[in-house]
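Working notes for the structure below.
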Amino acid sequence: MRIGELARRAGVSTRALRYYEEQGLLRPERRPSGYRDYGEQALATVRRIQLLLSAGLGTAVIAEILPCVPDDTTVLAPTCPELLDGLAEERARITAAMQRLAAARDILDSLIATGAPDPPAVRRDGAACRRAGAGQEM
DNA sequence: CTTCTAACA
DNA sequence: TGTTAGAA
């Protein structure tokens, strides 16, 4: 199948499919026309890539994991031991990130609790108060 | 009409 | 990632 069909069936953009290829996650064949030609198994592969991406893994890690997984598996079957170690490390990174975010939230909580603007927000410089968080990209 | 590459937002 | 130009 060509890229458009795979994109529709997998629910991803053609842009993503070309990107996965660039990252070494997919290796479609080429037709004489230069068009990419994907096999049926590509659909399962893309689904696995999506699953791993949603697990927070980077394309580099996924590129290592994919070849360890049997093509016929619905999702991810029990895999190689060294792979499990890598996944455990990823889990640890997520745990660490959660703790950093929790710490950041605690600081914001204290700032919010402290600044009860009963006496209307008065600023000596008379400048306008900007809304905190504006332009935050999350 | 579909895809390709490359590049910009 | 989305999008787009220009070519096939």
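Order of the sequence lines sets the chain letters (A, B, ...), proteins ahead of strands, with each chain counted from 1.
Rounded to whole angstrom, the span from the CD1 atom of A/I3 across to the P atom of C/dT1 amounts to 12 Å. Atom-to-atom, OH of A/Y38 to C1' of B/dC4 comes out at 11 Å; the value is rounded to the nearest Å. Here the C1' atom of nucleotide B/dC4 and the CD atom of A/E29 are 18 Å apart, to the nearest Å. Atom P of nucleotide B/dT3 and atom CD of A/E5 are separated by 9 Å, given to the nearest angstrom. Remark: P of B/dC4 and CZ of A/R2 are 9 Å apart, rounded to the nearest angstrom. Note: CG (A/L53) to C1' (C/dT1) measures 13 Å, nearest angstrom. A/Q23 places its CD atom 10 Å from the P atom of C/dT1, with the value rounded to the nearest Å.
Remark: A/E5 pairs with A/M1, A/R8, A/R9 by the side-chain contact (heavy atoms from CB on, under 4.5 Å) rule, at least two apart or across chains. Residues meeting the side-chain contact (heavy atoms from CB on, under 4.5 Å) test with A/I112, sequence neighbours left out: none. Residues forming a side-chain contact (heavy atoms from CB on, under 4.5 Å) with A/D109 (at least two apart in sequence, or on another chain): A/R105, A/D106.
In this structure, the side chains of A/Y38 and A/L17 come closer than 4.5 Å at one or more pairs of heavy atoms.
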Atom pairs under 3.5 Å, N or O on each side, protein against nucleotides 6-8 of chain C: can you list them with distances?
none

Sub-3.5 Å pairs of nitrogen or oxygen atoms, protein against nucleotides 5-8 of chain B:
| from | atom 1 | to | atom 2 | distance (Å) |
| --- | --- | --- | --- | --- |
| B/dT5 | OP1 | A/R30 | NH1 | 3.2 |
| B/dT5 | OP1 | A/R30 | NH2 | 3.1 |
| B/dT5 | OP2 | A/R36 | NH2 | 2.2 |

Can you list, pair by pair, the side-chain donor-acceptor contacts under 3.5 Å of residues 18-29 of chain A, counting residues two or more places apart and other chains?
| from | atom 1 | to | atom 2 | distance (Å) |
| --- | --- | --- | --- | --- |
| A/E21 | OE1 | A/R36 | NH1 | 2.7 |
| A/Q23 | OE1 | A/T59 | OG1 | 3.3 |
| A/R27 | NH1 | A/G24 | O | 3.0 |

Can you list, pair by pair, the side-chain donor-acceptor contacts under 3.5 Å of residues 84-92 of chain A, counting residues two or more places apart and other chains?
| from | atom 1 | to | atom 2 | distance (Å) |
| --- | --- | --- | --- | --- |
| A/E90 | OE2 | A/R93 | NH1 | 3.3 |

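Looking at heavy-atom distances under 4.0 Å, A/S13 makes contact with sugar-phosphate atoms alone, never a base.
Scanning both residues, A/T14 and A/G4, for their nearest heavy atoms gives CG2-CA, 4.3 Å.
The distance from atom CD1 of A/I49 to atom CG of A/L57, rounded to the nearest 0.5 Å, is 12.0 Å. Distance check: A/Q50 CD to A/T45 OG1 gives 11.5 Å after rounding to the nearest 0.5 Å.
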